[in-house]
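Chain naming here is simple, since letters A, B, ... match the order of the sequence lines and numbering starts at 1 in each.
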Amino acid sequence: MQNLITKRPRGTNDILPGEVEAWQFIEKTARNLCREYGYKEIRTPIFEHTELFYRGVGDTTDIVEKEMYDFKDKGGRSLTLRPEGTAPVVRAFLENKLYSESQPIKLYYIGPMFRYGRPQAGRLRQFHQFGIEVFGSKDPAVDAEIISLAVDFYKRLGMKAFDVQINSVGCSRCRPKVKERLHEYLIAYKGELCETCLGRLERNPLRIFDCKSKVCQRIMSSAPKPLDFLCDECREHFDKVKNYLDVLEINYSVNPGLVRGLDYYTNTAFEFFAEGIGAQNSIGGGGRYDNLVETCGGPATPGIGFGLGLERTLMALQSQKVELPLDRSPDVFVAVADKNSDFAVNEAVRILAILRREGFSAEKDYMQRSLRAQMKYADKKDFKFAVIIGEEELNRGSILIRNMKNGEQQEIPKAEMVEKIKMLIEGEK
RNA sequence: GUGGAUGUAGCUCAGUUGGUCAGAGCACCAGAUUGUGGCUCUGGGGGUCGUGGGUUCGAGUCCCAUCAUCCACCCCA
């Protein structure tokens, strides 16, 4: 047990049969939604040059400062397992010159992300995100569209309770003003701020809004907010986003203290919250990043996107007792009454092939079980039907079909088996 | 990176003040008059008690170390 080769690395998880169906359902829901909204999937490597995240995510963020899963390859290059999806997609957007296609470019991804930290409830070193990015449009309707997509995602999964909070952190023109005024305000409280926020005061005072320290929160509750200093353009943008959300009948609240942890956000920032994830409550978030593409060396291109945590989504669904519509039951178990009869076993193998060719999931025993044990197995594995064959029936040219839910059993001509099963399984639905 | 809790069969756990202590339930496998499941009953396989030291005549049971897990902080998904 303690042996490393039988132990998964800290902060990682195996997703086992029985659990993976929920994941497949979530992924399928995301893909369907993206198709409906016109987003195309993009798959980027799970590791990138470390510099990408340094530049793309921002070197004052915790992600870069202490959560990077980086390593040197055999060529001495510094690489990093991606901690988030936006920077890699921006990189791919630039490297493949997607900006030369007609815009907006609408992309989505589903995959693992990595952050090095102590794991706890709702926090892993390898976790999964579903994210989307839109490049090329400043239209506030896009902001509303992606929030709408996320809300639809949660709703379609059956999530009963979650909150949408939005805010605007301003653009490169109004942001300096915010930081300046915030700094002026905070100087008076310098002695009261917690240690980490003291450091943030000079480097990035906006982040102090995120602090959970009671003292800092009290101080920030009456601090000047980014919303109070938006330029006319940003103000108008934010108003239009809210308008479109109203048109879409999406419930949201404006949280003037919402500041996302990544440095690249401009204008719209939003976050989704739910309960039941240990001490965590954020299940996803995103925002606009109108300067990021240019920062990474590309043509000035506005962008916006979100990242939703899949583990956290799953945990929230579980704590809300949401039943996902999963069908884990296989269709037909082919049981052989005379397990020592080559004739019967051959027939079973043949029937399996026929059923599978028709698209049914079908299995037989491979453990030399008695008929009784085969039936027990079929029951435990939750098969919908059992086809039972023995020399007796075969000699008559027939087989037995048993409904494992209610025990109804009938003998029918072998030639009618496929049609009969089709009919029965249709009837189940 | 910091702090707290925990670590006995696949799972959930019992194991008194150190001396039949290696157990229970569930799960798994096989049977219950030999061709049929879901209830019940019987039997069986499976653990060097996380690991390494130490104290002791003797340690899951005490001490130290180590590893791991969980929870929380920082921060976020």
Side-chain angles (χ1 to χ4, degrees), chain A residues 1-4 6-13 16 57 60-67 82-86 111-131 150 194-197 199-200 207 210-213 216 259-262 271-274 277-286 306-316 333-341 344 365 367-394 400-409 411:
Chain A
M1 275 303 282
Q2 73 294 344
N3 196 332
L4 280 181
T6 61
K7 211 46 206 131
R8 65 178 183 272
R10 160 173 279 185
T12 64
N13 258 149
L16 302 172
V57 177
T60 67
T61 61
D62 275 41
I63 290 179
V64 169
E65 277 185 344
K66 49 187 220 191
E67 294 185 335
R82 63 184 183 193
E84 54 99 52
T86 300
M113 303 295 163
F114 306 82
R115 290 183 200 173
Y116 192 93
R118 286 281 190 86
Q120 63 179 282
R123 181 174 298 162
L124 293 162
R125 286 185 176 174
Q126 174 174 340
F127 60 101
H128 297 77
Q129 284 191 341
F130 158 44
C194 74
E195 214 173 308
T196 45
C197 288
R200 289 166 173 160
R207 295 284 306 288
D210 278 337
C211 189
K212 279 181 186 163
S213 139
C216 296
V259 186
R260 306 269 310 142
L262 311 180
E271 193 157 353
F272 309 106
F273 299 95
I277 319 168
Q280 274 61 242
N281 59 7
S282 171
I283 52 175
F306 66 56
L308 312 183
L310 264 28
E311 280 82 357
R312 289 188 181 182
T313 297
L314 214 46
M315 286 177 87
F333 186 84
V334 180
V336 178
D338 307 292
K339 65 176 180 183
N340 295 320
S341 158
D365 172 64
M367 303 300 287
Q368 272 66 51
R369 286 186 169 93
S370 65
L371 177 60
R372 175 188 168 79
Q374 289 180 59
M375 295 306 287
K376 279 194 175 189
Y377 177 85
D379 181 53
K380 255 180 318 211
K381 295 296 178 182
D382 205 29
F383 278 84
K384 296 187 182 82
F385 293 93
V387 163
I388 305 167
I389 59 175
E391 296 199 328
E392 213 177 295
E393 294 76 17
L394 291 175
L400 299 171
I401 293 184
R402 184 180 181 84
N403 182 325
M404 296 299 284
K405 294 285 180 308
N406 57 25
E408 282 173 20
Q409 182 170 309
E411 181 165 347

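Residue ring and base: A/Phe127 counts as stacked with B/A77 (centre distance below 5.5 Å, interplanar angle below 30°).
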B/S/- along nucleotides 38-46 of chain B (protein heavy atoms under 4.0 Å) is B--------
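Residue contacts shown for A/Ala378 are absent, as no nucleic acid heavy atom lies under 4.0 Å away.
The distance between atom CD of A/Gln280 and atom C1' of B/C73, rounded to the nearest whole Å, is 11 Å. Here the C1' atom of nucleotide B/G31 and the CG atom of A/Leu371 are 15 Å apart, to the nearest Å. When rounded to the nearest whole Å, the span between CD of A/Glu67 and P of B/C73 equals 14 Å.
Nucleotides B/C73 and B/A77 are separated by 16 Å at their P atoms, to the nearest Å. Remark: the separation of the C1' atoms in B/A27 and B/G19 is 34 Å, to the nearest Å. Distance check on atom P: B/G15 versus B/U61 gives 15 Å, rounded to whole Å.
Under the Watson-Crick and G-U wobble criteria, each requiring two contacts below 3.5 Å, nucleotide B/A72 is paired to B/U2. In this entry B/U33 has no Watson-Crick or G-U wobble partner, no candidate having both defining distances under 3.5 Å. Shown here, B/G60 forms no base pair; nothing in the strands shown gives a Watson-Crick or G-U wobble contact with both key distances under 3.5 Å. Pair assignment for B/C13: B/G23, on the basis of Watson-Crick or G-U wobble contacts that are both within less than 3.5 Å.
In the interface, the side chain of A/Arg312 is paired with the base of B/C76 through a donor and an acceptor atom under 3.5 Å apart.
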